[in-house]
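Owing to the predicted nature of the structure, the values given are computational and were not obtained by experimental measurement.
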Amino acid sequence: MSRSPFRQQDPGLVRLAIPNKGRIAGPVNELIEKSGLHLVDGGERRLITRTHDPNVEILFARPIDIPEYVASGVADLGITGRDMVMERGSAVEQVLDLQIGRATLVVAVPEESDVKTVADLDGTKVATEFPAITRSFFAEHGVTVTVVTVGGACEATPHLGIADAIVDLSSSGTTLRTNHLRVIDEVLTSTTVLVVNPAALAVKREKIDEIVLALESVIRAKGQCYLMMNVHRSALQDVRKVLPGLSGPTVMDVASDENLVAVHAVVKEERVYQLINQLKRAGAKDILVMPIERIIR
């Protein structure tokens, strides 16, 4: 009898599965670090690694395997693409959209093809890494195709005579254009999601909620900056008119003979460039702009 590569899980431990490679592996690792779940031995190539939280460990796995690892209880939580969850059809609960790795699963054909719509593909071969989703999509459209499952380089299959069309993920369309393919339809839009084992959620809710909150706080802080400035009390109303915030600016007295107040606000990073000049004209000074790593409500 072969032994499982996964050691028995401590009942008090929460195991989070994350991608070991692929397009979302880097962003997910960055998210984990910013959330405070720093990897103790992340520099080493391990299957399972510890974090600074003694009750949380990380399992590195292929994105396509993560939904089933979570469903089977090998991991309590998992981070992978929504497309992977749908492809596996695993019994997991999606608890958080991490808003990274956005891509669209599309149907594409060679540029020179006469195919204009999905209906024109009836009786043809379609290559994909997502056979379950592809079969479901064409069945919903009443189109009969032969699905050819490939493990990679899907965009090359039409030019090799393996298939007449492909169903593949596209984030910018560059790869499709490079391989002289054009999109004729969209199957679904995918982002990176956090999924949980329902049974684990019932037993380990407190720690799982803690992890969800940590990840959510990083997502909420993305694209936000913290502004701090001094304002003469007489100019406060003018400053407040131009200063947006999550729930309005915070105003505090300053120990100064100049009748100043300190104004703090969270604003979108994209607005900072214009706001600085507007705030200066309104009477703000000593303006500080600071990055935000986490926002917890």
Between Arg233 and Leu260, does a side-chain contact (heavy atoms from CB on, under 4.5 Å) hold up when you go through it step by step?
CA-CA 6 Å; Arg233 197 175 294 275; Leu260 297 175; over 6 Å; no
List the steps and the verdict of salt bridge (charged side-chain N to carboxylate O under 4.0 Å, His left out) for Glu258 and Lys285.
CA-CA 12 Å; Glu258 301 179 48; Lys285 65 177 184 177; 3.0 Å; yes
Verify side-chain contact (heavy atoms from CB on, under 4.5 Å) between Thr191 and Ile100, making sure each step is shown before the conclusion.
CA-CA 6 Å; Thr191 58; Ile100 56 178; over 6 Å; no
Steps toward side-chain contact (heavy atoms from CB on, under 4.5 Å) verdict (Leu98, Leu31):
CA-CA 9 Å; Leu98 303 180; Leu31 177 63; 3.8 Å; yes
Would you please test Asp238 and Arg281 for salt bridge (charged side-chain N to carboxylate O under 4.0 Å, His left out) and show each step?
CA-CA 9 Å; Asp238 291 334; Arg281 288 195 295 267; over 6 Å; no
Under the criterion side-chain contact (heavy atoms from CB on, under 4.5 Å), I'd like the reasoning laid out for Asp122 against Val145: C-alpha separation, chi angles, the key distance, then a yes or no.
CA-CA 6 Å; Asp122 195 67; Val145 298; over 6 Å; no
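When the side chains of ILVMFWY residues are joined at heavy-atom separations under 4.5 Å, either directly or via intervening members, Leu275 and Leu236 end up in a single hydrophobic cluster. Under a hydrophobic clustering in which Ile, Leu, Val, Met, Phe, Trp and Tyr are joined whenever their side-chain heavy atoms come within less than 4.5 Å, directly or via other members, Ile219 and Leu37 fall into the same cluster. Met86 and Tyr69 are members of different hydrophobic clusters when ILVMFWY side chains are connected at heavy-atom separations under 4.5 Å. The same ILVMFWY cluster, assembled from side-chain heavy atoms under 4.5 Å apart, contains both Ile184 and Phe130. Clustering ILVMFWY residues whenever any of their side-chain heavy atoms sit less than 4.5 angstrom apart, transitively, puts Ile58 in the very cluster that holds Val212.
Atom CG of Asp114 sits in a sparse spot, with 12 or fewer heavy atoms from other residues, nucleotides or ligands closer than 6.0 Å. Applying the 6.0 Å contact sphere to NZ of Lys222 captures no more than 12 heavy atoms from other residues, nucleotides or ligands.
Leu105 places a side-chain heavy atom less than 4.5 Å from the side chain of Ile133. A heavy-atom distance below 4.5 Å is found between the side chains of Val261 and Val263. Considering only heavy atoms from C-beta on, Phe60 comes within 4.5 Å of Asn29 through its side chain. Side chains of Leu77 and Arg15 form no contact here, defined as non-hydrogen atoms less than 4.5 Å apart. In this structure, the side chains of Thr157 and Val148 stay at 4.5 Å or more apart for every pair of heavy atoms.
For the residue pair Glu68/Ser90, the side-chain donor-acceptor check at 3.5 Å is satisfied. Side-chain N/O atoms of Arg82 and Ser190 include no donor and acceptor closer than 3.5 Å.
Ion pairing between Lys116 and Asp185 fails under the 4.0 Å rule for side-chain N and carboxylate O. Under the 4.0 Å criterion applied to side-chain N and carboxylate O atoms, Asp65 and Arg88 are assigned as salt-bridge partners.
Partners of Phe137 under the ring-ring contact (aromatic ring centres under 6.0 Å, His included) rule, at least two apart in sequence or in another chain, are His141.
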